[in-house]
Amino acid sequence: MAAPIEDYAMLGNCRTAALVSKEGAIDWLCFPRFDAPACFASLLGTPENGHWKIYPRDKVHAVTRQYVDGTMILETTFITDEGEAKIIDFMPSTFTHSSVARIVVGLKGKVTFGMDLVMRMDYGRTVPWVEQHDLSTHTAVAGPDMLVLHCRVPVNAKAQHSTARFSVSAGESTSFTLSYQLSHEPVSEAFDVQAALAKTEYFWREFSDRCPDMGPWTNLVKRSLVTLKALTYLPTGGIVAAATTSLPERIGGERNWDYRYCWLRDATMTLMAFMNLGYFDEARAWRDWLTRSVAGNPDQMQIMYGLGGERLLTESELPWLTGYEGSAPVRIGNAAATQYQLDVYGEVADAMEQAIKGHLPSHPRIEAIAVVIVPFLEKAWRQPDEGIWEIRAEKRHFTHSKVMAWVAFDRIAVVASGMNNGQDFSERCRRVADEIKEEVCREAFDPELNSFVQYYGSDCLDASLLHIPLTGFLPPDDPRVIGTVKAIEQRLMRNGLLLRYETEHGVDGLSAGEGAFLACSFWLADVYVLQEREDDAHALFDLLASLCNDVGLLAEQYDPEQRRMLGNFPQAFSHVGIINTALNIHRAKAPAQDRASV
């Protein structure tokens, strides 16, 4: 069975990622990019669906691990009766192809290790043809794909597993590399692992050393920044929501989705995180990915795209995988890409306005996109949609969607005011924004609850209502905002963390129950900052920071009862939350205040 989600660390090379457990098992790996079929899929099935485990043969008394500071190089140390040894795991960041390197280093005594390598293509379904070419080179071929293993220890074939047994004494080391290539190409030669390690450390340190001082949260912010970089597909600048698919939002439940794509609603917060830390090249790459992906008719704008801006993300199920801890179905692709979600237009407009405020170099398509969005959105904002949470049920007039439609017109009005002869266009946008605000305040506020509600006519709450003050729709000290925050605290908070909404009401068409959605709690902390509730903001942020695992990573959700992570991992939006909330608390002029005062 797979390890607890929090027991995994991520390896990455800005093209794809792997998850390795405390036991030294790589249980998830997609080659050559994030959304490719996994060759190690035991995370969602069994070891027969593919994994790569290197582990001490003797009883292990203690395991500690850490990333080399500011990098994605993982060091896992094992203490056994025989001695002490560590595994250095990394993905070389300077190659055009994808590889995983594992160096086993003896520290004390003599430690005997075993290796179990189970190579499977197509998410654990296809058994490749494995051949030995010489004493140190082995290949696994299935159709167009080839894996190449280089190592200097004898490898044996047994029951479609590749196994080995070896020992390292203090001062000794042995290396293993696994690389992906197309099967019709000549077999790749072994590379210098120590040279690759040095270059990879330089790559990450050159990036992370530019992180500014964030007081007591510097290390936490730096780790989140490195994680965001690792979740970036370097060739295009797109940032995946997570490295995995189908890790459940409730153990044994059906809320299992593929997050290896790029969501537009992450755009504004991600831009702010990069720009406020001084990472303008990364912010520009993300902005440019955004403008390429949304190009086209505004009525065809999607909520998410592939790494290169691909639109066809057809959802299907993989019945041969049992799911993480029996949480089925396992899904690849995401049908939510075809949903109508009004909020994405606000996210795009807000991101573009933030890019202008952040003094990113201008993009010729920004003004053009703003101009074509407005005529479409003038009619579209009145329609119901599936909303921020991508419900699979009846469309509703979701309050958050309407607020973000207001954001679209509000931000485009600002952009238009700086355009040549744009004053009339700006005033046109401002009139629609005022109309939306009037309707939302009339239809979405419940005087009896003294709170805004999830959708028109309901008495349900939703953490996305926190965007009312965060976007500047209403001031944070407005009595209706204060009442909404209080209602959210009373009804959506569990053990100090926020649920997204009350799933038992069935609005999403799925079975009830899930963990606390961590991004929502970061939003609440940001609202506390806006409301000058500094102690509450610090307390909530400290609680959220304490949920990071031993190497500083967060999943999408957290179960406060079972005290375990849930959902896809690591989650980009959770780490964006760490960065932005730390900035809001640490800096006298909080970025949230700047955004809300647009």
Side-chain angles (χ1 to χ4, degrees), residues 6 8-12 14 64-75 90 93 200-232 239 266 268-283 285-286 354 358 497 518-519 521-526 528-530 533-555 558 565 569-595:
E6 56 268 24
Y8 286 98
M10 182 176 77
L11 311 177
C14 299
T64 58
R65 60 183 181 169
Q66 62 182 8
Y67 285 112
V68 175
D69 182 47
T71 77
M72 291 300 295
I73 300 169
L74 181 71
E75 297 183 341
F90 68 101
S93 300
T200 300
E201 181 172 357
Y202 176 82
F203 172 87
W204 288 111
R205 290 297 298 271
E206 190 279 331
F207 171 78
S208 63
D209 283 353
R210 291 183 279 128
C211 180
D213 179 71
M214 293 295 295
W217 304 295
T218 298
N219 290 335
L220 188 66
V221 168
K222 182 185 290 188
R223 176 49 50 195
S224 292
L225 184 62
V226 170
T227 302
L228 276 184
K229 178 71 171 179
L231 291 171
T232 301
I239 302 173
D266 300 354
T268 302
M269 295 293 193
T270 303
L271 266 180
M272 290 176 65
F274 279 140
M275 291 192 301
N276 283 298
L277 290 177
Y279 285 83
F280 293 100
D281 288 343
E282 286 71 21
W286 173 237
Q354 290 294 330
L497 301 171
L518 297 179
S521 296
F522 285 112
W523 298 342
L524 180 59
D526 294 338
Y528 285 157
V529 172
L530 294 180
R533 297 170 57 178
E534 289 85 0
D535 290 345
D536 291 330
H538 277 264
L540 181 52
F541 184 71
D542 288 343
L543 172 60
L544 288 161
S546 73
L547 303 181
C548 293
N549 71 0
D550 58 322
V551 289
L553 301 182
L554 279 176
Y558 187 82
M565 293 187 187
F569 175 88
Q571 179 81 0
F573 216 18
S574 297
H575 287 281
V576 168
I578 285 178
I579 294 171
N580 284 328
T581 302
L583 283 162
N584 287 330
I585 293 175
H586 179 69
R587 292 188 175 171
K589 176 63 172 177
Q593 294 170 334
D594 190 47
R595 183 190 183 203

task: Quick one: pull up OG1 in T218 and CG in D213 and give me the separation to the nearest 0.5 Å.
output: 4.0 Å
message: How long is the straight-line distance from CE of M214 back to CG of L277, given to the nearest 0.5 Å?
response: 6.5 Å
task: Supply the atom-to-atom distance L228 CG to F274 CZ, rounded to the nearest 0.5 angstrom.
output: 5.0 Å
statement: Nearest heavy-atom approach of A283 to L271 is O-CD2, 3.3 Å
task: Could you grab the distance from atom NZ of K229 to atom OG of S93, nearest 0.5 Å is fine?
output: 9.5 Å
message: Could you report the tightest heavy-atom contact between S224 and H575, atom names first, then the distance?
response: OG-ND1, 2.9 Å
Identified side-chain contact (heavy atoms from CB on, under 4.5 Å) counterpart of F522 within the set I578, N580, N584: I578
- prompt: Which pair of heavy atoms, one from A555 and one from S574, lies closest together, and at what distance?
  reply: O-OG, 2.8 Å
query: Is the number of heavy atoms from other residues, nucleotides or ligands under 6.0 Å of D535 CG greater than 12?
result: no
With a 3.5 Å cut-off and sequence neighbours excluded, list the donor-acceptor pairs that the side chains of residues 540-550 form with protein atoms.
{"from": "S546", "atom 1": "OG", "to": "L543", "atom 2": "O", "distance (Å)": "2.5"}
{"from": "N549", "atom 1": "OD1", "to": "V551", "atom 2": "N", "distance (Å)": "3.1"}
{"from": "N549", "atom 1": "OD1", "to": "G552", "atom 2": "N", "distance (Å)": "3.1"}
{"from": "N549", "atom 1": "OD1", "to": "L553", "atom 2": "N", "distance (Å)": "2.9"}
{"from": "N549", "atom 1": "ND2", "to": "E6", "atom 2": "O", "distance (Å)": "3.1"}
{"from": "N549", "atom 1": "ND2", "to": "Y8", "atom 2": "O", "distance (Å)": "3.0"}
{"from": "D550", "atom 1": "OD1", "to": "R65", "atom 2": "NE", "distance (Å)": "3.3"}
{"from": "D550", "atom 1": "OD1", "to": "R65", "atom 2": "NH2", "distance (Å)": "2.9"}
{"from": "D550", "atom 1": "OD2", "to": "R65", "atom 2": "NE", "distance (Å)": "2.8"}

- prompt: Side chains of S521 and Y558: closer than 4.5 Å at any heavy-atom pair?
  reply: no
message: Would you call the rings of W523 and F573 parallel, tilted or perpendicular, taking 30° and 60° as the class edges?
response: perpendicular
query: Minimum heavy-atom separation for H538 to W217, with atom names?
result: CE1-CH2, 3.7 Å
Ring centre gap for F207 and Y279 strictly below 6.0 Å: yes
statement: Sequence neighbours excluded, the answer for side-chain contact (heavy atoms from CB on, under 4.5 Å) partners of A230 is M10, M72, W204
task: Kindly indicate whether the side chain of Y528, heavy atoms from C-beta on, has any atom under 4.5 Å from the side chain of E534.
output: no
query: Are any of the side-chain heavy atoms of R595 and T268 separated by less than 4.5 Å?
result: yes
field: Donor-acceptor contact present, side-chain R210 to main-chain R205, <3.5 Å
entry: no
Over all atoms of both residues, closest heavy-atom pair of A537 and I585: O-CD1, 3.7 Å
task: Locate the shortest heavy-atom distance separating Q593 from V529; write the atom from each residue and the value.
output: NE2-O, 4.5 Å
message: Working to the nearest 0.5 angstrom, can you tell me the gap between D594 CG and Q354 CD?
response: 6.5 Å
query: Do I239 and E282 touch side chain to side chain, with heavy atoms closer than 4.5 Å?
result: no
Test item: D526 and L530 side chains (from C-beta on) under 4.5 Å apart, heavy atoms: no
message: Any heavy-atom pair between the side chains of D266 and V576 that's under 4.5 Å?
response: no
- request: Might you work through the side-chain contact (heavy atoms from CB on, under 4.5 Å) test for Q571 and L554, ending with a clear yes or no?
  value: CA-CA 6 Å; Q571 179 81 0; L554 279 176; 6.0 Å; no
field: Inter-residue atom distance L583.CG - R587.CZ, 0.5 Å rounding
entry: 5.0 Å
- prompt: For the side chain of T71 and the backbone of Y67, is there at least one donor-acceptor N/O pair under 3.5 Å apart?
  reply: no
